[in-house]
Amino acid sequence: MCGIIGYVGTKSAKDELLEGLKMLEYRGYDSAGVCCFEKGDFRVIKKKGKVDALIEVCQGQLKDTHCGIGHTRWATHGDPSDKNAHPFLSENNSVAIVHNGIIENFEALKGGLQKQGVRFRSDTDSEVIAQLLQKSKCESELKKVQELSNLLVGSYAIAILFRGLENQIFAIRKNSPLIVGKAKDGYYLASDVNALVDKTDEYHIMEENEIIWIDSHDCYAFDKNLQAVEINYHKMDLSKQDISRGAFEHYMLKEIMQVPNAIKQTIKECDAPHNPYMRIPREILKDLKHITIIGCGTAFNAAMTASHYARERDIIVDCAYASEYRYQKYLNIENEVCIFVSQSGETADTIEALKIAKEHNIPTIVVTNVASSTLNKLADYIIPTKAGPEIAVASTKAYSAQITALYGLMDYIYCIKHKLNCRSCILKDKLADVVDKLQNFNFTKINKLAEILKDSERVFFIGRGVDYATSQEASLKLKEISNIHSESLFAGELKHGTLALIDEQTTVVVIATQKHLFDKTMNSIYEIKARGARVVLVTQFKADSDAIDMIVELPCTDQAIMAEIAIYPMQMLAYKTAVLKGLDPDKPRNLAKSVTVE
Ligand code: F6R
C-alpha cells in the first residue's frame with residue numbers, strides 16, 4: 001500500500017514525481033503529495049484525494065525543481081486528509097520524508113519525542129521518522145539514516161531529503177519494496193518497476209536493510225553496518241504498452257480481456273524445455289506427503305481451486321490464509337512443501353508466512369507474477385505466472401494465470417510421484433482449448449445480469465466442490481468492485497442458516513460445472529426458489545426448470561479445469577456492475593493493490 005517516488009536529475013522533478021505517482025496510484029489513492037528542493041529549501045504540496053487533485057494544485061508551481069520525493073497514500077494511521085498526507089517535514093523543517101509501511105513502535109517513539117518538546121503536525125505513525133532524524137546527534141546524514149533503522153520496528157520503505165544536501169536523496173527499506181532506477185538524466189526511486197517504465201533502462205531492487213544514497217550522477221549502496229555494497233542492476237523488460245490502459249476504458253477491462261493470453265503465456269512458460277517445475281529437486285517431490293498452499297484474497301481462492309485439482313490426483317493439499325498461517329500452531333509434518341501464491345509477491349502476510357515456513361525448514365515454492373518481488377527473493381523455488389503487469393486493484397488475469405501454474409505444478413508432482421515422464425505440460429492441449437473458448441466468450445447475458453445486480457442489495461454465490469472456490473472468487477470480485485453485499489457459500493450449507501436471508505430481494509448465482517454434483521446443486525436451487533429469490537445458473541450443462549430465472553451458458557471443456565472458464569464471466573459481471581453503478585472499478589473504495597502492511 002502507498003506508493004513512493006523520488007527523482008534527482010536534470011529533468012523537472014515536479015513532472016517526474018507527478019507522472020510516477022500516477023503510475024503508483026493503484027497502491028493507494030486517498031491523498032498524495034510531493035516535496036522538492038526549490039531554491040535550496042523544501043517546498044511541500046499535498047492534497048487529500050486522488051493524484052489528479054494534487055496535479056491540479058501543482059499547476060504553475062515548482063517550476064525549477066530537479067530533486068524531490070512524492071507519495072500516494074492508503075491510510076493506516078490517521079484519516080485521509082491534507083494533514084496526514086505525505087511528505088512530512090520535521091518540526092524545524094530540516095528533514096522531509098515519505099514512508100510506506102507501518103512503524104509499530106511509533107507511539108513509544110512519539111511519546112519520547114513529545115517529552116523532549118517536539119510538536120507533531122499529523123496523526124500518522126510516519127511523521128515520527130522525520131522528527132527522529134531531526135533529533136539525531138549523529139555526525140553524518142548516512143549515520144542518521146543507519147541509526148533510524150535501528151530505532152524503527154515494523155515495515156518501511158522510506159525516502160529522505162535533508163535540507164542543506166540539495167539534490168541528494170537517501171532511502172532505506174525493511175519488509176517493504178523500494179527500487180532504484182538509473183537513467184541517462186539522473187536517478188529514480190520507486191515502490192515498483194511500473195513507475196519506472198520508459199524512464200530507465202536499468203533498475204536495482206533494494207535489499208532488506210540496505211541504505212541508498214543518490215545524487216544526479218551516482219548511486220551508492222550500504223549494508224546496515226554502512227559497508228559499501230555492490231549494486232545489481234536488472235534490465236527493464238516492460239514497455240509503456242504493457243502498463244498503459246490503451247483504448248480500454250479501465251485497466252480492469254483491459255486485464256479481463258487479457259485473461260486468455262495470461263493463461264496462454266503461463267502454459268508456454270510451464271511447457272518450456274527447462275520449465276520452472278524442473279528446478280524443484282525430485283527428492284523433495286517424490287516422497288511428498290503434504291502440501292500447504294498459502295495466499296491472501298484472490299490468491300487464496302486460486303489455491304483453493306488448485307487444491308480440488310490436486311485431490312483428484314490423490315495429492316493431499318491444505319489451503320491457508322497467510323494471515324492465519326502466520327499465527328497458527330506449527331505441526332511437524334514429514335515431507336511437507338509450502339506453496340505461496342501472490343500476484344505482487346509483496347503481500348506482507350504472505351511474506352511473513354513464508355519466513356515461518358523457512359524457519360521450520362519446509363521447502364518453499366512461490367507462484368508470483370512479479371519477478372523482482374520480495375517473495376521471489378526469499379523462496380527456494382519460483383514458478384512465475386506470465387500475466388503481465390496487473391494494475392487494476394481487483395485481480396483478474398493474475399488469478400487465471402495462478403490457477404494455470406498450479407494445475408501444471410500438481411500434474412508435475414503427480415508425475416514425479418508416479419515415476420511418469422513429465423517433460424511437457426500435460427494440460428497443454430486442454431488449456432489451449434480453454435484459451436480458445438475464452439477468446440470467443442459471449443458476454444450478452446452478463447450485460448443483462450449486471451443490469452439486474454446493480455440495484456441489488458444482497459447477492460449470494462453458491463457451488464459445491466471446486467465450484468465453491470469459484471463462487472468465493474466471484475463473490476469477492478463483485479463485493480470489492482461494486483460495493484454490493486455479497487457472500488459465497490457451499491451449496492449444501494444454505495439450509496443450515498443462510499436460507500433465513502433468502503427472500504424476493506435476493507439474487508443467488510449458482511455455479512455448477514461438475515456433472516456428479518449437478519443434481520445435488522439443483523436441489524439447492526429448488527430450496528432457494530421456494531423462498532422467492534432470483535436464481536441465476538452458471539453452467540455448461542443443459543438445464544430446464546421454472547426455478548431458474550437466467551442461465552449463463554459456459555462453453556464446455558474438461559471438467560477438471562472448468563474453473564478457468566467459469567470465473568471469466570464472473571469477473572466481467574463484477575466489472576460491468578460497478579460501471580453501471582457509476583463506480584471506478586480500478587480504484588475500489590478503501591482498497592489498494594499490494595497490501596504491504598499486516
Ligand atoms: C482481490 C485482490 C486481493 C489480492 C490479495 C493478495 O481482487 O486483488 O484479494 O488477491 O490482496 O494479493 P497478492 O496476490 O498480490 O498477494
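Order of listing sets the numbers, starting from 1, for every ligand and every atom in it.
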Counting only nitrogen or oxygen atoms and a 3.5 angstrom limit, does [X] reach ligand 1?
X      : answer
Thr298 : yes
Val393 : yes
Glu480 : yes

Identity and distance of the protein heavy atom lying nearest [atom]:
atom                    : value
atom 11 (O) of ligand 1 : Val595 CG2, 3.9 Å
atom 5 (C) of ligand 1  : Cys296 O, 3.5 Å
atom 15 (O) of ligand 1 : Ser344 OG, 2.6 Å
atom 12 (O) of ligand 1 : Thr347 OG1, 3.4 Å

What is the distance from atom CD1 of Ile511 to atom CD of Gln472, rounded to the nearest 0.5 Å?
10.5 Å
Hey, what do you get for CE (Met278) to CG (Leu285), rounding to the nearest 0.5 Å?
12.0 Å
With a 3.5 Å distance limit and no angle check, can you tell me whether Arg27 reaches the backbone of Cys2 through a side-chain donor-acceptor pair?
yes
Kindly indicate whether a cation-pi arrangement holds for Arg279 with Tyr277, taking the cut-offs as under 6.0 Å to the six-membered ring centre and within 45° of the axis.
no
Distance-only polar pair, side chains of [X] and [Y], donor-acceptor under 3.5 Å:
X      : Y      : value
His290 : Asp318 : yes
Gln258 : Lys397 : yes
Glu553 : Thr539 : no
Thr374 : Glu346 : yes

Have a look at ligand 1 and work out which part of Glu346, if any, has a heavy atom under 4.0 Å from it: side chain, backbone, both or neither.
neither
Short list, please: which atoms of ligand 1 are under 4.0 Å from a heavy atom of [X]?
X      : value
Gly297 : 9 (O)
Ser342 : 13 (P), 14 (O), 15 (O), 16 (O)
Gln343 : 13 (P), 14 (O), 15 (O), 16 (O)
Ala299 : 10 (O), 14 (O)
Lys477 : 1 (C), 7 (O)

Where do Met550 and Lys448 land on the side-chain contact (heavy atoms from CB on, under 4.5 Å) test, with the steps shown first?
CA-CA 10 Å; Met550 183 190 278; Lys448 281 193 194 140; 3.9 Å; yes
